[in-house]
Peer 1: 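Just dropping this structure here.
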Amino acid sequence: MTTESLDRFAAGKLEALARRRLARRLEPSDRLPGAVVERHGRRLISFSCNDYLGLSHHPDVVAASVEATRRYGAGAGASRLITGSNGLYERLEAQLAEIKGSEAAIVFGSGYLTNVGVIPVLAGSADLILIDELSHSCLLTGARVSRARVVEFRHNDASHAAEILQAERDEHRHCLLVTEGVFSMEGDLAPLPALEALARRHDAWLMTDDAHALGVVGRGRGSSFAFEPAIDVPLQMGTLSKAVGSYGGYLCASEGVVELLRNRARSFAYSTGLPPGTVAAASRALEIIARDPDLVGRPLAKARRFTGGLGLPPARSAIVPIVVGSAKRALDAGRRFAEAGFLVAPIRPPTVPVGTSRLRFAFSAEHRDDDIDRLIDVTAAIMAGA
Ligand SMILES: *Cc1c(COP(=O)(O)O)cnc(C)c1O
């Protein structure tokens, strides 16, 4: 059955996107070991995967996944609160709490589900959420779903956050101060010492999204540990799908907060547990992260080789953006990288603000130095011609 008005609606929306060069298309992409992606029969060296340590293909991680799948099956069978909380979760949550220096941890189905689940439990209509303007879509969605008053502060601008707190904190019951630890599209770090001081002064609860920090910065422990002394962040969330190479999301917090979330977070209670193989893979990967500082140091070293070679400011994380402006320029540059054998996905609005389309380079422990050197040459040529 087709509904004409419905299809007309979809076609109209799609035409508007295409006119602005913002239409997206799925490209079948097979990720192979060694940061290689195969597309349409061609092998490209990928600088667009978040598998920063190559752990998704690590033989021990894959073996742990296969073994758990054989033993416990392909799916979890129910929500964690019913029968979907395989025994492997206990160990995984203990590992996360250990690495983050928190009392407890809770694992969700994904990072997205973590943020849309956690934030509405901690903040409601009487409360204030202060959030960095470049925060990830799922943080903003979680904030909006909470019905709290949501105010964005300028990116990494703690004094702007201070002004807003000064003006608005007293009118609200609780306040959540939200930022990414490492920004996914900028690669920079949040000014956590200043934000922690603010949170203390105004009785706000500081929350970091460490999706791109775990396994990469702070000796692999995340953004709180990238500072000396380490920053005390009571709510540290992140994902198991990037440097950990598996899937799932987590929040590290006090035992009381975690117990509240087990009871109240809707995306936890009403969504099926992760497949046991996924939990086992994450657990094995975290073991490697905890015990192999050389591996953990590699993505940042690779990113710095790249920024050094191009005379850019030294990378602070595994992510290096080069802003080109228009969506068209980003698409054209992406095509030229592909011709040279590299996968560098162009990033366009709404993922980034209008006029800041960019090339986003994500470095992995798996990248070879000579490939990075060739990438430097190709990048310099494309930028000079663009
Ligand atoms: C990727 C990402 C998420 C979502 O995590 P998933 O596990 O992929 O759902 C959340 N926050 C940030 C900053 C991210 O980059």
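Bear in mind the structure is a predicted one, so any value in this text is a computation, not a measurement. Indexing begins at 1, ligand by ligand and atom by atom, following the structure's order.
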Peer 1: Return the protein residues near ligand 1 (heavy atom under 4.0 Å from any of its atoms), ordered by chain and residue number.
Peer 2: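 Answer by chain and number: Ser110, Gly111, Tyr112, His136, Cys138, Glu180, Ser184, Asp209, Ala211, His212, Thr239, Ser241, Lys242, Gly248.
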Peer 1: Keeping the roles fixed (side chain from Lys100, backbone from Gln236), state whether a donor-acceptor pair exists under 3.5 Å.
Peer 2: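 Side chain of Lys100 to backbone of Gln236, a donor-acceptor pair under 3.5 Å: no, none is there.
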Peer 1: Can you list everything that forms a salt bridge (Lys or Arg N to Asp or Glu O under 4.0 Å) with Arg149? Sequence neighbours excluded, please.
Peer 2: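 Checked Arg149 against salt bridge (Lys or Arg N to Asp or Glu O under 4.0 Å); matches are Glu168.
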Peer 1: Holding to salt bridge (Lys or Arg N to Asp or Glu O under 4.0 Å), I want the full list of residues that pass it with Arg154, two or more places apart in sequence or in another chain.
Peer 2: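 Result, salt bridge (Lys or Arg N to Asp or Glu O under 4.0 Å) vs Arg154: Asp157.
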Peer 1: Would Leu312 and Leu300 show up in the same hydrophobic cluster when neighbours are defined by side-chain heavy atoms closer than 4.5 Å?
Peer 2: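 In one cluster with Leu312: Leu300, no.
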Peer 1: By side chain to side chain donor-acceptor pair (under 3.5 Å), which residues pair with Thr208, not counting sequence neighbours?
Peer 2: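 In terms of side chain to side chain donor-acceptor pair (under 3.5 Å), with neighbours along the sequence ignored, Thr208 is linked to no residue.
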Peer 1: Given Phe47, which partner from the list Phe337, Phe306, Tyr52, Phe342 fulfils the ring-ring contact (aromatic ring centres under 6.0 Å, His included) test?
Peer 2: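 It is Phe342; the other options fail the test.
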